Amino acid sequence: MPQYMLSVVEDGTQAFDKMPKEELQQIMADVDAFSDTVREAGKWVFAGGLEPIEASTVVDGRGESPVITDGPFSESKEYLGGFWIISAADLDEALDWAARGSKACAAKVEVRPFDEATG
Amino acid sequence: MTDVEEVFRAEYGRVVAGLVRRFGDIDIAEEALADALVIALQRWPRDGVPPNPAAWLTRVAGNKAIDRLRREKVRDDKYAEAAMLTDDTPAEPTGPVTDDRLRLIFTCCHPALASENRIALTLRLLGGLTVAEIAHAFLVPETTMAQRITRAKAKIKQARIPYRVPMGDDLPNRMAGVLAVLYLIFNEGYLSTTAASVREDLCTEAIRLTRQLREASVALGPPMDQTQPEVLGLLALMLLLDARRPARVRDGLLVTLPDQDRSAWNSDQIEEGHALVRQCLALNRPGPYQIQAAINAVHTDAPDASAVDWSQVVALYDQLAALTPSPIVALNRAVAVAELDGPQVALAIVDDLDLGSYHAFHATRADLLRRLGRYDEAREAYGQAIALTENEAERAWLASRQASCG
């Protein structure tokens, strides 16, 4: 079955660090519940939440010795906060899961198919 | 257009949709049908058009597709397999036969495709227009349009946009999306910024596609029949607008509804539009297209401009505003209110609307100010409308109105 990556798009509007604790706990509970639903439906492949973007480091190993820089690879205001990889019959099913995931994690979700030739 | 080309275009959507279903790939279906056209162009002029051209084209194109697939299978087995579109629709031996065009239009108008790509794909695959014709109609270079269509088809394949009629709760929304695409195609022709006749063809094309959609969806039971009234409503709306097209422009100037020569209107289209509006009323599931069609039916029902039942028009706009509140609906309602309660009342409504970047807002305001004798303000408002209008006939008309204020 085809696989899709559901990427959680953090766009700075959520401000999790300023969010009341109860609200944050509710989001985490909702995300867990959503992940359980994906598992129960047999659509689960893999998932992960990421540490804040400030924790990222970019490595460029194309030269003779690797160049290491602090921070994200782009200055974009939007970045990847976490992801689910699911299996789905087609885009409509993937979009349906994404809508539920988006509600659970209180963020936009980008749906992107895996290139099956490399799978 | 030759006879063969005309038949080919009329049957294109039906045949290509069936081939997509059979072979699971849009490109294979299109290439096979193009091959079949080459043969039709050789044989039909000599032997005559076959009694069932769609069946002939389906058979010949089907054989061509199998030839092509055999060649590709030898060349690259895995690629051919990856190219398949998903179709998990179970066979329904007892249920109503789903018209393949219906599946295809839902694929072409899928919300995961950009709006301009939905339009291009629908005209190409359901309408059978060539890429060159679509490019010409939308005033973009042919290479740009070709890229747009190629990209859209690639996304359908890569993201696996399904080839089926959406089910359940999704259907009303998705049908609204399909109707929006058809209405955009119509408006592109109807509100075209140039007077080129090829753009008027888009109106004809949109009507033809909406007829196809009606035909394809009519055999389906619930919940498709719940969406049927809006399909009829859109068809009625297009017919009633298109009927007035011959009277809309005179000597390069836009002619507004009250001043149009009603004898130039297309009476067949009006009759069909009115019958559809009556059918919608009987179905009693009002929606935005049906109400807009009803408003236009009130206009086309009046023997002359002074006989329009404006209280009926205002009541219909009230209904439309309740269903789809928007400042543009409020603006159009104000135009009717001006006829019923006078320009002063209408101007108070218009002045409250936040539509400063919309040319029709300034044109409406200008007209109301002119009727109230406030000529300085009217001239200024006409100026703002002209600055925001790209349509030549409309600009010319606004300028003549502006000159008359004083």
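Numbered from 1 within each chain, the chains take letters A, B, ... in sequence-line order. The structure displayed is predicted, hence computed values, not measured ones.
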Around atom NZ of K43(A), are there more than 12 heavy atoms from other residues, nucleotides or ligands closer than 6.0 Å? yes
Can you give me the closest heavy-atom contact between P113(A) and A159(B), atom names plus distance? CG-CA, 3.6 Å
Tell me, with the steps shown, if Q158(B) and D115(A) meet side-chain contact (heavy atoms from CB on, under 4.5 Å). CA-CA 7 Å; Q158(B) 291 157 348; D115(A) 179 355; over 6 Å; no
Has M28(A) got more than 12 heavy atoms of other residues, nucleotides or ligands less than 6.0 Å from its CE? no
Any Lys/Arg nitrogen of R160(B) or D92(A) sitting under 4.0 Å from an Asp/Glu carboxylate oxygen of the other? no
How many angstroms lie between atom CD1 of I156(B) and atom CG of L91(A), to the nearest 0.5 angstrom? 10.5 Å
Crowding at CZ, R112(A) (>12 non-hydrogen neighbours, <6.0 Å): no
